[in-house]
Amino acid sequence: MQLNSHNAWGNIDLYKQLYNDIKKNQEAFWMEQIKDITWIQKPTKILDNNTWFKDGIASVCYNCVDRHAQSNQDKPAIIWHGDEYCERTQTSYQDLKNRIIQIATALKQHDIKKGDVVGIYMPMLPDAIASMLACSRICAIHMVVFAGFSHEALSQRLKHSNAKIIITVTQQKRGGRTINLIEQVQKATKSLQIPILNLDELKTKVDDTNDQITYQTDQDELFHIYTSGSTGTPKKITHTAIPYLIYAATTFKYIFDIKPNDIYFCTSDIGWITGHSYITYAPLFHGLTTVIFSGSPTYPEADRYWDIIEKEKVTIFYTAPTAIRSLQMFDEKLIKQHDISSLRILGSVGEPLNESAWNWMFNKIGKQRCPIMNTWWQTETGGIMISPLLNLEQNKTRAGLPFFGIDITIEDQNGKPIEEPNNQGMLKIKSKWPGMCKNIQFKNKEYSTGDGSYYDEHGHIKITGRLDDVINISGHRLGTAEFESAINLTDNVIESAVIGIPHELKGQTAFAFVVAKQHIEEQQTVQQILNNTRKNIGPIAKPDYVLFVNELPKNRSGKINRKLLTKIYKNEPINSSDTHTLINPDIINHIQKKIKEAIFCPDICRIKANKNP
Ligand code: WTA
């Protein structure tokens, strides 16, 4: 077995051989991978029941920062670009270490100890990354909340996770607008009585005696992150420190075939899992330079990504389909005026990469030279699970293969594996892997991902999207139930049901069926609904359509049948198996007749506003 061979992800024969060898002996593979870590105590056990690397002791922060600061102190760890073309900073590994120690010291002065939860509400600044690492340095657990979420959403997460402090900065500048963050944090913490650490005002003095690393063991938690599931409240996902780090770092090493001098640019936000695994932990673990951007890709012009790639000579560019689709609309000259030939590998994550976006990315960005790593994974999985190979020919199938050690199955509704090609079922995972979250749920020894998928004629996996009650808007996971609870707060609304429908730019958007009190002013109620989703979740959670109906289709136990609403929306034939459990089947006809009367709620056109500020 060539367990550390870099081109293992580039050659189909080598891949198959390794994949099968590793399937027989997963432990040998991970035993080899953990040599990349600097251990205080090397583990003797790889997997013991659900526990990975049981007796291992190491520090995430030391592995991501200190060791590189020792060997290569001036190397840039983070290059930051801000809202305007001229805004740029460079943070070396040594600078990063100093800042981390300063933040960690301030946290300790606030009596933050091992196992305490620290909220982080920050724009994409180097300090956001430093804050995460400062927590890991003292074995506190970070809980990052996307700074685009409302103060209500922030407050709910701080309360639920029992956070002891919140780290923030005064303001955020994005797309030519200034957003006051501290005010949001003050509102969010008003009833919680937790201290605010504003990094713009941090003057904590540091000397070596203040600094002490708290080492992590297998069961120690690195972070909590909230995502959406099928319930009305956000779902807390907990990741371990060392096993998670090893999984993120190993997948990164193979799938992006990293080289020491790579300049890596990922356009995600640290508020999402991608920002944790593949902006912060994996790139820094390997001592690379990670480029971050806190502005908007279309402000002042829609060439910000290409400008950054040219200026920094980016070699690996990891982005999301929604970003690609929104940039595809602009004049190609915005790309052509930049030399982006440094690019070697492209990546995509977050939602299905549709054919037109794939072609555009492949031809216009990669100039037919760069493979596109269309990586499939989830907050729960900690790191990439499925990706195409780094091989231009293979890549054109646009389907992926499971990472080493990942055993997948596609099953029909009765749990029967589907092996024939082009036949969709639910994607499930049968193996355990180091990146799995602590609170993962295996049922009948399988983890159900909630995603639909099928094998293509080469036996490679294609992902079609969620099969459960989760909508993926511009790569942001939002539960239908979360939408509904926000909509139901509206005075005149009795109840509601939300479904995901296709959207050209956002991938999916929300369509809300609303039962309201009689004789209401519909337009005004729609406005109140939009205010409530914005206030309780955030601006991304906006239904594009609202339809007032008399009643919702429910089964006898009162559960709303959203699949039926989706069928009505798509104008698909309804048969008796769809209706026999309904309390009131007549409602179908009523909704079918009304569906075209849905009220459209347009987006505020930011792009235009940006161009003429
Ligand atoms: C979707 C993001 C198709 C999928 C890392 C998954 C994808 C959900 C892809 C997880 C992809 C992610 N192709 N769909 N390459 N990547 N998804 O937890 O529905 O924010 O279940 O994690 O995004 O979203 P999450």
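In each ligand, atom 1 is the first atom listed, and ligand 1 is the first ligand listed. We're numbering straight along the sequence, starting at 1.
Between Tyr318 and Phe256, the ring-plane angle classifies as perpendicular under the 30° and 60° cut-offs.
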### Task
Verify salt bridge (charged side-chain N to carboxylate O under 4.0 Å, His left out) between Lys235 and Glu380, making sure each step is shown before the conclusion.
CA-CA 10 Å; Lys235 169 170 150 192; Glu380 291 86 341; 2.9 Å; yes
### Message
Between Gln33 and Tyr254, is the side-chain hydrogen bond (donor to acceptor under 3.5 Å, both in side chains) condition met? List the steps.
### Response
CA-CA 11 Å; Gln33 303 313 317; Tyr254 280 94; 3.2 Å; yes
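Counting heavy atoms from C-beta on, the side chains of Trp377 and Thr251 never come closer than 4.5 Å. Residues Val144 and Trp272 form no side-chain contact, since every pair of their non-hydrogen atoms from C-beta on lies 4.5 Å or further apart. The side-chain heavy atoms of Ile471 and Arg466, taken from C-beta on, include no pair separated by under 4.5 Å.
The Asn472 neighbourhood of ligand 1 comprises atoms 1 (C), 23 (O), with distances under 4.0 Å to a heavy atom of that residue. Interface atoms of ligand 1 facing Asn374, defined by a heavy-atom separation under 4.0 Å, are 11 (C), 15 (N). Below 4.0 Å from some heavy atom of Ile463 lie the following atoms of ligand 1, by number and element: 3 (C), 14 (N).
Not a single heavy atom of Gly450 lies less than 4.0 angstrom from ligand 1.
Between Thr449 and ligand 1, no N or O atom pair is found at a separation short of 3.5 Å.
Closest to atom 24 (O) of ligand 1 among all protein heavy atoms lies Arg477 CD, 3.2 Å. Protein heavy atom nearest atom 13 (N) of ligand 1, with residue, atom name and distance: Glu351 O, 3.3 Å. What sits closest to atom 21 (O) of ligand 1 on the protein, heavy atoms only, is Asp451 OD2, 2.3 Å. Ranking protein heavy atoms by distance to atom 10 (C) of ligand 1, first place goes to Trp377 O, 3.6 Å. Looking only at protein heavy atoms, the nearest one to atom 8 (C) of ligand 1 is Arg466 NH1, 4.0 Å.
When the options Glu351, Glu355, Glu504 are evaluated for a salt bridge (Lys or Arg N to Asp or Glu O under 4.0 Å) with Arg325, the one that passes is Glu351.
Nearest-heavy-atom check against atom 23 (O) of ligand 1 across Pro321, Gly350, Gly275 picks out Gly350. Counting heavy atoms only, Thr375 comes closest to atom 15 (N) of ligand 1 of the residues Thr379, Val349, Thr375, Leu427.
At a heavy-atom distance under 4.0 Å, no atom of Leu353 approaches ligand 1.
With hydrogens and angles disregarded, no donor-acceptor distance shorter than 3.5 Å links the side chain of Asn374 to the backbone of Pro388. Not a single donor-acceptor pair under 3.5 Å links the side chain of Thr250 to the backbone N or O of Tyr247.
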